[in-house]
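Okay, so here's the structure we're looking at.
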Amino acid sequence: MEDKDAAEEGKEKSLDFIRTVIAQDNETGKHAGRVATRFPPEPNGYLHIGHAKSICLNFGIAREQEKGTCNLRFDDTNPAKEDVEYVDSIMEDVRWMGFKWDELHYASDYFERLYEFAVELIKARKAYVCDLSPEEVRAYRGTLKEPGKNSPYRDRSPEENLDLFTRMRAGEFADGSRVLRAKIDMAAPNLILRDPTLYRIRRAHHHRTGDAWLIYPMYDFTHCLSDSLEGITHSICTLEFENNRALYDWVLDNVSAPCHPQQLEFARLNLTYTVLSKRKLIQLVENGLVNGWDDPRMPTISGLRRRGYSAGAVRNFCEKIGVAKRASTVDMALLEFCVREDLNETAPRVMGVLNPLKVVITNYPEGESEELDCPLHPTDPSVGGRALPFSGELYIEQEDFMEDPPKKFFRLSPGKEVRLRYAYFITCTDVIKDENGQVTELRCTYDPATKGGDAPDGRKVKATLHWVSAPHACTAEVRLYEHLFTVENPNDVEEGKEFTDYINPNSLQILRDCKVEPLLANAAPGYQCQFERMGYFCVDSVNPETGTVVFNRTVTLRDQWTKIQKTQPAPKSQPKQDNKPKKNKGN
RNA sequence: AGGGGCGUCGUCAAGCGGUAAGACACAUGGUUUUGGUCCAUGCAUUCGGGGGUUCGAAUCCUCCCGCCCCUGCCA
C-alpha cells in the first residue's frame, strides 16, 4: 500500500494547456507570481453544466495558486436581454458549486471609464461615428472571400466624431441611427477586424444603470477593458472567441489600458442526450416544454441541484472531463457515474417501494409487528441506523414478482423463497388475482428462524428484496427522470425537424402511490438517500400543497438485471400489473 | 484574398523524438443480506491519410483529407 502511494507521488499530474501556460508564466515571473482569473457570465439565463466547467476552471485555477484570485463579473452590456433574476441565480449557483469570488463586478460599473477609452480612440483617429444603417454596414463588410469597403463616414475628423459621440450619449439620435466603430481594416481576412462596432444607441432600461445610458458598449470593447481594469492575468473563454482575440488585443494595444491580459480559449462542453445552448434552454423554459429553469431534467446547475446532484459530484465531473481545444461531446454516462460515485459514499440506504404489490405473511401473528434494527449504510457505520417496522402485511416491488419467470429471474415467484432485506426469508404460496387476471396480492409464509436475514441451517436464497410494512408505510410521490432527449445529439436535426421534436416523452414519470418507510415521513427538502436496489433519490426542494413527500430520482443504480433481460429472448407474456404502465426503460 | 482552430480506443483525455497513461462505457470472472458497492482480468502493434527526415516519429518537415468557428448595432 505505502510503496504504491509513494510510486504514485512520483508521477507528475499532467497539466492542461491553460495551466501549462500559467505554470510557465509563474516560472518566468511574468506577473510576479500573481494569477488572476474571472468568471464572466452574461445575466441573460441560468447557468448550466457547461458553465460549471468554466467555473471550475477559473475558480479552480485561482484556488490552486499561491497568489490566485478569481472575480465574478457580470457581462451586462445588453440591457434588452438581461435581468436581475439571472444575476441572483448565478450568484447562488456559483456559491453552491463551492466557490467564493474575490471581487464582485459588473461591466456596467465600468461604463463611464469605457466611455473615456472610446474618446481616447476617437482622438487618436482610431474610431469614428458611422451613420450607415445596419443593412448598409452588412453590405459594406464584404464576405468571407471578398474584402469590404470603407464606410463613407470613415474619415470624419476627431472633432466631428467627438461631437457626434457626445450627442449620441446625450440622446440626440434615434436608436440604431449611428454607431461608434473602430477604424481598423475593411479588408482584414478576419471579419471581426472590419471596423467592428464599439457602441450602439439603445433606449433600454438597464437592470443596474437604469436609464442613465442611451449608448451601450459592445462585448469586444467591454470585455478586454474590464479584464484589464481588474488586473486579470489570464482571460479564459471558449473557442468561439478565438477570432475575437485579435480585437481583444487591438483594443488593449490602442488605448491606455492598465495591463494586457492573455486570452486563452478552451472547448466548451457538450453532453449527450441534452442541449447546452442558452438559446435552446430558454426555448424549453418559455415554451413550457419543461417546468422552469430548475426542472430536474434540465442540465442547469439549479436543475441538477434539484435533481439531487451534489456540488462535489459536479466538480468531480468537471475535473474528469479535462480541458482541451478539441470540440467534444462527453457521454452523459460519465456525469451519472460521478453522482453515483459520490452518493454511494454518503447516501443513507432506506426502503422505498415504487410500484407496490401487497404481500400477506400468512403465518405471522395477526395484528402484530416488531422493530428491526438496521444500518443505514452497508459499509459506513457512522451513517447510523434506524428501527424498521415489520409486520404481516407488506409491500414489495411489483417487478420483483413474476408468476412465470424466465430462467435468470432470481426474485419471487410461486414456490420460491427470497430474503426480505434485514428481515426474514419468505416463500410465496399463493397468487391472488382480480377478475382481469391481474395479480393484486401475494400470500407468503415466513421462516421465523431467519430473522435478520440469515438462515441458521445455512440455506441460501438468490435474491434479497426491499419491502415496506404496509400499516407503517408512508405514501409518497416519486418522480422518475430519464434523458430529456431520445437522441444522443438533439442538435443534429433532421430536415424539417426541430430539436424539440426529439424530447423524450418519458423524461418525466410521476408515481403517486409509492410506499416508503416511516423514517422518511418528515425528511427535509434536499434530503438525499438511496432507495435500496432502486436508485438515489432526494426530497424535492419544492414541496406540493398536498402534504405528501415528493422524491426525485437522481439516478438509477447500475443494473445488471435489465441488461440480462435485454439479451434474453422475450419472456412469455405476463399480465401487466403496474399501477402506471412502465415503458421499457432505456432506449 | 478568405481567416482562425482542431483531428490519439465507442466517449473524454495524457503524450511534446526513445517505442501508446488514465477515466467512462463495454466484456468476463470473484466477493456480496442491494442483480448495488468492492476486487481481478480483457479492451488502440497504432495515433485522419500519403510521402519525407531519423538508428528510432503520435511527436519534426511536406502535401492531402475531414470537422468546428467567423459576414449581430448578441455574448
Side-chain angles (χ1 to χ4, degrees), chain A residues 11 13-16 40-42 44 75-78 80-81 130 132-134 137-139 141-148 175-181 187-194 196-202 215-216 218-220 222-223 237-246 265 267 269 272 278-279 319-338 340-341 344-345 349 351 378-379 408-411 419-423 425 450 452-454 460-466 488 530-535 556-564:
Chain A
K11 263 186 229 163
K13 219 183 89 191
S14 63
L15 301 175
D16 58 66
E42 182 190 13
N44 68 343
D75 225 328
D76 55 352
T77 58
N78 186 0
K81 292 186 177 175
C130 182
L132 253 27
S133 69
V137 169
R138 198 178 314 131
R141 187 150 34 224
T143 68
L144 292 178
K145 297 244 158 68
E146 282 137 33
D175 283 12
S177 61
R178 278 169 233 257
V179 290
L180 181 74
R181 292 227 254 168
N190 180 354
L191 301 262
I192 302 275
L193 260 17
R194 318 247 259 229
T197 301
L198 266 22
Y199 270 88
R200 73 286 214 187
I201 306 172
R202 279 277 175 288
I215 56 173
Y216 290 95
M218 300 287 288
Y219 165 84
D220 286 305
T222 309
H223 201 90
C237 63
T238 44
L239 243 33
E240 64 272 24
F241 290 101
E242 240 164 351
N243 296 313
N244 300 56
R245 188 172 66 232
E265 310 88 5
L269 172 68
T272 55
K278 266 194 200 170
R279 203 203 101 236
E319 193 189 310
K320 280 188 159 71
I321 58 177
V323 179
K325 298 198 71 153
R326 180 181 346 175
S328 60
T329 302
V330 175
D331 196 334
M332 180 69 92
L334 181 60
L335 218 209
E336 294 174 345
F337 167 83
C338 289
R340 288 195 190 103
E341 187 184 42
N344 176 51
E345 295 280 310
R349 268 56 167 182
M351 307 271 215
T379 55
K408 294 201 175 160
F409 186 83
F410 301 153
R411 283 109 98 147
R419 169 167 43 230
L420 295 180
R421 176 141 238 222
Y422 297 136
F425 284 12
T450 56
D454 276 311
K460 303 284 182 206
V461 288
K462 295 268 271 191
T464 300
L465 309 187
H466 62 280
E488 272 199 26
Q530 182 196 108
F531 286 176
E532 296 234 19
R533 306 206 304 133
M534 299 309 284
T556 59
L557 257 28
R558 275 185 68 219
D559 185 1
Q560 289 297 315
W561 172 234
T562 44
K563 277 184 200 168
I564 293 168

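The structure displayed is predicted, hence computed values, not measured ones. Note on naming: letters A, B, ... go to the chains in the order of the sequence lines (proteins, then strands), and numbering restarts at 1 for each one. When reading the values below, keep in mind they use all heavy atoms of this one structure, side chains included, and skip hydrogens, waters and symmetry mates.
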Length of the line joining [X]:[atom1] and [N]:[atom2], which is rounded to integer Å:
| X | N | atom1 | atom2 | value |
| --- | --- | --- | --- | --- |
| N190(A) | G5(B) | CG | P | 10 Å |
| L239(A) | C69(B) | CG | P | 10 Å |
| E265(A) | C6(B) | CD | P | 10 Å |
| E240(A) | G72(B) | CD | P | 16 Å |
| L191(A) | U71(B) | CG | P | 7 Å |
| L144(A) | C68(B) | CG | C1' | 14 Å |
| L420(A) | U34(B) | CG | P | 13 Å |
| W561(A) | G35(B) | CH2 | P | 11 Å |

Looking at every strand, decide which applies to [X] at a 4.0 Å heavy-atom threshold: base, sugar-phosphate, or nothing.
| X | result |
| --- | --- |
| F241(A) | base |
| E532(A) | base |
| R202(A) | base |
| D454(A) | base |
| L180(A) | nothing |
| F531(A) | nothing |
| G142(A) | base |
| T272(A) | nothing |
| A187(A) | base |
| S328(A) | sugar-phosphate |
| P378(A) | base |

[X] side, atom [atom1]; [Y] side, atom [atom2] - distance, nearest 0.5 Å:
| X | Y | atom1 | atom2 | answer |
| --- | --- | --- | --- | --- |
| R178(A) | I215(A) | CZ | CD1 | 13.0 Å |
| Y216(A) | I201(A) | OH | CD1 | 12.5 Å |
| L180(A) | L198(A) | CG | CG | 5.0 Å |

Side-chain N,O ([X]) to OP1/OP2 ([N]) below 4.0 Å:
| X | N | answer |
| --- | --- | --- |
| R533(A) | G35(B) | yes |
| R421(A) | U32(B) | no |
| R200(A) | C74(B) | yes |
| T77(A) | A75(B) | yes |
| R178(A) | C73(B) | no |

Taking atom [atom1] in both [N] and [M], compute the distance separating them and give it to the nearest angstrom.
| N | M | atom1 | result |
| --- | --- | --- | --- |
| G10(B) | C43(B) | C1' | 11 Å |
| C12(B) | U34(B) | P | 36 Å |
| C60(B) | C47(B) | C1' | 16 Å |
| A21(B) | U45(B) | P | 12 Å |
| U37(B) | C24(B) | P | 11 Å |
| G22(B) | G15(B) | P | 14 Å |
| G36(B) | C26(B) | P | 12 Å |
| C63(B) | C68(B) | P | 24 Å |

Does [N] have a Watson-Crick or wobble mate here (both distances under 3.5 Å), and if so which one?
| N | answer |
| --- | --- |
| C6(B) | G66(B) |
| U32(B) | none |
| U19(B) | none |
| C60(B) | G52(B) |
| C26(B) | G42(B) |
| A1(B) | none |

Counting C-beta onward and ignoring hydrogens, is there a side-chain heavy-atom pair between R340(A) and T556(A) closer than 4.5 Å?
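A side-chain contact exists here, since the closest heavy-atom pair is under 4.5 Å.
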Is the closest side-chain heavy-atom distance between V330(A) and L335(A) below 4.5 Å?
no
So, T238(A) side chain and E240(A) main chain: donor-acceptor pair closer than 3.5 Å or not?
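Absent.
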Using every non-hydrogen atom in the two residues, find where [X] and [Y] come nearest and quote the distance to one decimal.
| X | Y | value |
| --- | --- | --- |
| R419(A) | T464(A) | NE-OG1, 3.1 Å |
| N44(A) | K81(A) | CB-O, 3.4 Å |
| R141(A) | R194(A) | O-NE, 2.9 Å |
| W561(A) | K408(A) | CZ3-O, 3.5 Å |
| K320(A) | C338(A) | CD-SG, 3.8 Å |
| G176(A) | P134(A) | O-CD, 4.2 Å |

Going by the glycosidic torsion and a 90 degree boundary from 0, is the base of G72(B) oriented syn or anti?
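Syn, angle within 90° of zero.
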Could I get a table of every N or O pair under 3.5 Å where one atom is in the protein and the other is in nucleotides 14-20 of chain B?
from	atom 1	to	atom 2	distance (Å)
A14(B)	O2'	S14(A)	OG	3.4

Flag the pair K325(A) and E242(A) as a salt bridge only when some basic side-chain nitrogen lies within less than 4.0 angstrom of an acidic carboxylate oxygen.
yes
Answer with yes or no whether N243(A) presents, from its side chain, a donor or acceptor under 3.5 Å of a partner atom in the base of C69(B).
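Indeed, a donor on one side and an acceptor on the other fall under 3.5 Å apart.
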State whether the distance check finds a donor on one side and an acceptor on the other, under 3.5 Å, for side chain R138(A) versus base G72(B).
no
Quick check: on RNA chain B, is the nucleotide nearest N244(A) upstream (toward 5') of the one nearest A188(A), or the reverse? Name the residue that is more 5'.
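Its nearest nucleotide being more 5', the pick is A188(A).
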Taking for each residue the nucleotide of RNA chain B bearing the nearest heavy atom, is the 5' side occupied by P189(A) or by F410(A)?
P189(A)
Which of these nucleotides, C73(B), U34(B), C12(B), is closest to any side-chain atom of P134(A)?
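For the P134(A) side chain, the nearest candidate turns out to be C73(B).
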Atom pairs under 3.5 Å: protein N/O with N/O of nucleotides 23-29 of chain B:
from	atom 1	to	atom 2	distance (Å)
C26(B)	OP1	K563(A)	NZ	3.1

M351(A) and H466(A): CA distance, side-chain angles, deciding distance, side chain to side chain contact (heavy atoms under 4.5 Å, CB included) verdict
CA-CA 6 Å; M351(A) 307 271 215; H466(A) 62 280; 3.6 Å; yes
